[in-house]
Amino acid sequence: MTATVAHAESAPSNATTTPARKRWSVAEVEALFALPFNDLVFRAQQVHRENFEPNAVQRSTLLSIKTGGCSEDCGYCSQSSRYDTGLEKESLLPLGEVLENARAAKAKGASRFCMGAAWRGPKEKDLAPVLDMVREVKKLGLETCVTLGMLKDGQAEQLKDAGLDYYNHNIDTSPEFYGQIITTHTLQDRLDTLDKVRDAGINVCCGGIVGLGETKKSRAALIAELANMNPPPDSVPINNLVQVEGTPLGNNEAIDPFDFVRMIAAARITMPKSYVRLSAGRQELGDAVQALCFMAGANSIFYGERLLTTENPDADADDKLFARLGLKSF
Ligand code: SAM
Ligand code: DTB
Ligand code: SF4
């Protein structure tokens with residue numbers, strides 16, 4: 001099955017008992033954004049409580065297993081070989097070093113370990129050592145996640161057989177804005193990989209970034225595109241751009257933090273059963289805005305001092321924030 005870019009009209013119901021799944025139009029998501037802030041957050045909190053334990057937040061730790069030198073031109077990324085960001089290109093980490101990091105993440109209280117590689121996609125010779133990493137990390141009792149770029153036929157099945165729980169592959173921005181941020185692959189390429197992941201029975205982790213210079217309509221279109229996936233992603237990371245010097249977007253202005261909270265709330269309302277992850281850019285949001293994000297339905301974070309190549313709040317600082325907010329982690 002090949003996915004295509006989502007359209008706004010309702011899908012016909014083909015079963016007598018199952019009602020058609022709600023399809024979200026861009027205008028409907030824009031209408032959510034236009035609600036008074038309190039009304040939007042209240043509604044998101046209601047949806048959150050109907051579907052999840054209200055004070056529990058899942059924690060995933062990230063590790064860059066292969067840093068820099070990526071052939072792609074994603075305008076936000078420190079790891080593209082096209083931009084001079086001062087990042088040292090590294091080869092694939094040895095298994096032992098990955099396991100050392102995974103053990104430390106588990107000891108600090110992460111439940112999922114997410115390994116990221118700066119590839120357009122893995123070559124066969126690249127995949128074999130990653131399969132070993134997945135098998136061994138899983139044995140530690142952690143959920144496993146990888147983000148390796150676009151997959152070729154058969155690779156998702158190999159990852160599934162190795163015990164992979166989640167594959168992260170973001171659509172990043174709206175269909176209309178995509179070509180202004182990335183030209184070396186298309187949104188349809190990303191959707192094709194997501195189909196392969198889903199068909200292999202791996203949980204889908206798929207979200208996007210804000211702060212790229214997109215319009216509010218483009219943000220609404222990103223949310224609609226995610227929510228109209230069938231089924232919606234199991235996990236939806238919402239990243240706030242980390243401005244990286246040397247990238248085309250390095251001097252972008254940060255978005256209004258309340259608009260970031262609105263993104264989280266819209267994700268929660270439109271994808272009631274998905275984990276919504278408050279992802280990159282938490283450092284810049286501060287504690288109070290993060291608390292609003294949890295109130296708006298975020299129930300997952302990246303936990304640990306580093307994202308892939310940029311900084312994240314210290315684990316201790318997060319533990320303190322969770323204690324102040326009475327949040328449980330898992
Ligand atoms: N190469 C793989 C890919 O593109 O899927 C995996 C790694 S890539 C760094 C994973 C995701 O990180 C991107 O899709 C993007 O959403 C996010 N990301 C990358 N750089 C970022 C930045 N500077 N700020 C916020 N999010 C970023
Ligand atoms: C996702 O949506 N965000 C993570 C993870 N999936 C792989 C990556 C964020 C990267 C932030 C920039 C960096 O550290 O390089
Ligand atoms: Fe490469 Fe992924 Fe960065 Fe794009 S986001 S340049 S594909 S590492």
Side-chain angles (χ1 to χ4, degrees), residues 60-83 85-90 92 112-122 126 130 144-151 166-173 178 181-187 189-194 197 204-214 222 226 233-252 254-255 260 263 267 274-285 298 300-313:
S60 297
T61 292
L62 273 171
L63 177 68
S64 181
I65 56 169
K66 191 268 165 193
T67 303
C70 184
S71 63
E72 303 306 281
D73 69 351
C74 311
Y76 45 78
C77 187
S78 63
Q79 306 201 69
S80 166
S81 61
R82 308 190 181 219
Y83 317 128
T85 62
L87 194 71
E88 289 277 334
K89 182 181 163 187
E90 289 170 19
L92 191 67
R112 189 177 308 158
F113 193 64
C114 180
M115 297 166 270
W119 287 320
R120 174 179 164 85
D126 297 326
V130 175
T144 52
C145 174
V146 294
T147 180
L148 312 173
M150 294 182 280
L151 296 179
Y166 287 81
Y167 195 87
N168 166 249
H169 199 61
N170 292 339
I171 57 167
D172 288 315
T173 192
Y178 201 86
I181 301 298
I182 301 152
T183 69
T184 46
H185 55 260
T186 63
L187 175 56
D189 290 329
R190 304 288 281 190
L191 295 173
D192 290 346
T193 286
L194 290 166
V197 169
V204 169
C205 173
C206 180
I209 318 185
V210 293
L212 304 175
E214 72 284 341
L222 166 64
L226 291 165
D234 303 279
S235 171
V236 181
I238 304 291
N239 294 279
N240 193 16
L241 176 73
V242 181
Q243 291 108 341
V244 178
E245 222 183 296
T247 62
L249 306 180
N251 292 321
N252 272 23
I255 76 164
F260 187 80
M263 275 300 281
S274 305
Y275 279 86
V276 174
R277 182 170 307 122
L278 165 55
S279 303
R282 281 201 296 125
Q283 188 99 306
E284 293 72 15
L285 291 176
S300 171
I301 59 164
F302 286 121
Y303 177 64
E305 333 349 272
R306 258 190 122 53
L307 291 162
L308 290 173
T309 67
T310 65
E311 285 180 9
N312 199 38

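The shown structure was predicted, so the numbers you read here are calculated from the model rather than taken from an experiment. As the structure lists them, so they are numbered: ligands from 1, and atoms in each ligand from 1.
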**Request:** Could you tell me whether T247 approaches ligand 1 through its side chain, its backbone, both or neither, with non-hydrogen atoms closer than 4.0 Å?
**Result:** neither
**Message:** Residue-level breakdown please: for D172 versus ligand 1, do any non-hydrogen atoms fall below 4.0 Å on the side chain, on the backbone, on both, or on neither?
**Reply:** side chain
**Prompt:** Does an N or O from T147, backbone or side chain, lie closer than 3.5 Å to an N or O of ligand 2?
**Reply:** no
**Request:** Kindly confirm whether atom 3 (Fe) of ligand 3 is within less than 2.8 Å of some N/O/S atom in C70?
**Result:** no
**Request:** Mark up the atoms of ligand 2 that fall under 4.0 Å of a heavy atom belonging to L62, in ascending order.
**Result:** 4 (C), 5 (C), 7 (C)
**Request:** Show your reasoning for whether side chain to side chain contact (heavy atoms under 4.5 Å, CB included) applies to I181 and E214.
**Result:** CA-CA 10 Å; I181 301 298; E214 72 284 341; over 6 Å; no
**Request:** Taking only heavy atoms of P237 into account, list the atoms of ligand 2 that are under 4.0 Å away from them.
**Result:** 2 (O)
**Prompt:** Which ligand 1 atoms does N239 reach within 4.0 Å, using its non-hydrogen atoms?
**Reply:** 16 (O), 25 (C), 26 (N)
**Asked** Between the side chain of T147 and the main-chain N/O of H169, is any donor-acceptor distance below 3.5 Å?
**Response** no
**Worked verdict on N170 versus N239 for side chain to side chain contact (heavy atoms under 4.5 Å, CB included)** = CA-CA 10 Å; N170 292 339; N239 294 279; 3.6 Å; yes
**Message:** Which residue in the set D172, T173, T247 passes side chain to side chain donor-acceptor pair (under 3.5 Å) when paired with Y76?
**Reply:** D172
**Side chain, backbone, both or neither: the part of T147 lying under 4.0 Å from ligand 1 by heavy atom** = both
**Item:** Numbering as shown, the atoms of ligand 1 that approach A280 to under 4.0 Å (heavy-atom distance)
**Value:** 25 (C), 26 (N)
**Asked** Based purely on interatomic distance, does N239 place a nitrogen or oxygen under 3.5 Å from a nitrogen or oxygen of ligand 2?
**Response** yes
**Item:** F302 heavy atom under 4.0 Å from ligand 2
**Value:** yes
**Prompt:** Do we get R282 above F302's six-membered ring, with its NZ or CZ under 6.0 Å from the centre and within 45° of the axis?
**Reply:** no
**Asked** Roughly how far, to the nearest 0.5 Å, is the SG atom of C114 from the OH atom of Y167?
**Response** 10.0 Å
**Ligand-side contact atoms (ligand 1) for residue partner L308, heavy atom cut-off under 4.0 Å** = 9 (C)
**Asked** Hey, is ligand 2 close enough to L308 that some N/O pair sits below 3.5 Å?
**Response** yes
**Request:** List the closest protein heavy-atom neighbour of atom 5 (O) of ligand 1: residue, atom name, distance to the nearest 0.1 Å.
**Result:** R190 NH2, 2.9 Å
**Message:** Check this for me - ligand 1, N168, N or O atoms closer than 3.5 angstrom, yes or no?
**Reply:** no
**Message:** Between ligand 2 and T310, is the shortest N or O to N or O distance under 3.5 Å?
**Reply:** yes
**Asked** Judged by atom type as modelled, is there a donor-acceptor pair below 3.5 Å linking the side chain of Q79 to the main-chain atoms of G68?
**Response** yes
**Message:** Quick one: does any side-chain atom of N240 pair with a main-chain N or O of A280 as donor and acceptor, under 3.5 Å?
**Reply:** no
**V242 and ligand 1 - part of the residue with a heavy-atom distance under 4.0 Å** = both
**Message:** When you measure from the side chain of S279 to the backbone of R277, do you find a donor-acceptor pair of N or O atoms at a distance under 3.5 Å?
**Reply:** yes
**Item:** Interfacing atoms of ligand 2 (cut-off 4.0 Å, heavy-atom, N170)
**Value:** 1 (C), 2 (O)
**Prompt:** Would you say G207 contacts ligand 2, with heavy atoms under 4.0 Å as the rule?
**Reply:** no
**Message:** What's the separation between atom CD in E305 and atom OG1 in T310, rounded to the nearest 0.5 Å?
**Reply:** 12.5 Å
**Complete:** One finds that the ligand 2 atoms under 4.0 Å from a non-hydrogen atom of S78 are 15 (O)
**Prompt:** Is there a donor-acceptor pair closer than 3.5 Å between any side-chain N or O of S81 and the backbone N or O of C70?
**Reply:** yes
**Message:** Could you measure the distance from the CZ atom of F113 to the SG atom of C145? Nearest 0.5 Å is fine.
**Reply:** 10.5 Å
**Message:** Within the protein, is there a heavy atom lying under 4.0 Å from atom 2 (Fe) of ligand 3?
**Reply:** no
**Item:** Per-atom contacts of ligand 3 with Y76, taking only distances under 4.0 Å to non-hydrogen atoms
**Value:** 5 (S)
**Request:** Run down the list G149, P122, P237, C206 and name the one with the heavy atom closest to atom 2 (C) of ligand 1.
**Result:** G149
**Asked** Looking at atom 27 (C) of ligand 1, what's its closest protein heavy atom, distance included?
**Response** I209 CD1, 3.8 Å
**Message:** What protein heavy atom lies closest to atom 8 (S) of ligand 3? Include the residue and the distance to one decimal.
**Reply:** A118 CA, 3.7 Å
**Message:** We want to know whether D73 and T183 form a side-chain donor-acceptor pair, criterion being a heavy-atom distance below 3.5 angstrom.
**Reply:** yes
**Prompt:** Got the closest protein heavy atom to atom 4 (Fe) of ligand 3, with its distance?
**Reply:** C74 SG, 2.3 Å
**Complete:** Counting heavy atoms under 4.0 Å, the part of T309 that contacts ligand 2 is both
**Request:** Among all protein heavy atoms, pick the one closest to atom 11 (C) of ligand 1 and tell me residue, atom and distance.
**Result:** N170 ND2, 3.7 Å
**Asked** With distance as the sole test, does S80 use its side chain to make a donor-acceptor pair with the main-chain N or O of E72 at under 3.5 Å?
**Response** yes
**Complete:** In this structure, atom 20 (N) of ligand 1 is nearest to the protein heavy atom Y76 CD1, 3.4 Å
**Prompt:** Numbering the atoms of ligand 1 from 1, which are under 4.0 Å from a heavy atom of A117?
**Reply:** 1 (N), 2 (C), 6 (C)
**Prompt:** Would you say N168 touches ligand 2, if touching means a heavy atom closer than 4.0 Å?
**Reply:** yes
**Request:** State, with a plain yes or no, whether a side-chain heavy atom of V146 is found less than 4.5 Å away from one of I65.
**Result:** no
**Request:** Give a yes or no answer on whether the side chain of R120 reaches the backbone of T184 with a donor-acceptor pair at less than 3.5 Å.
**Result:** yes
**Prompt:** Any chance the side chains of T85 and S78 put a donor and an acceptor closer than 3.5 Å?
**Reply:** no
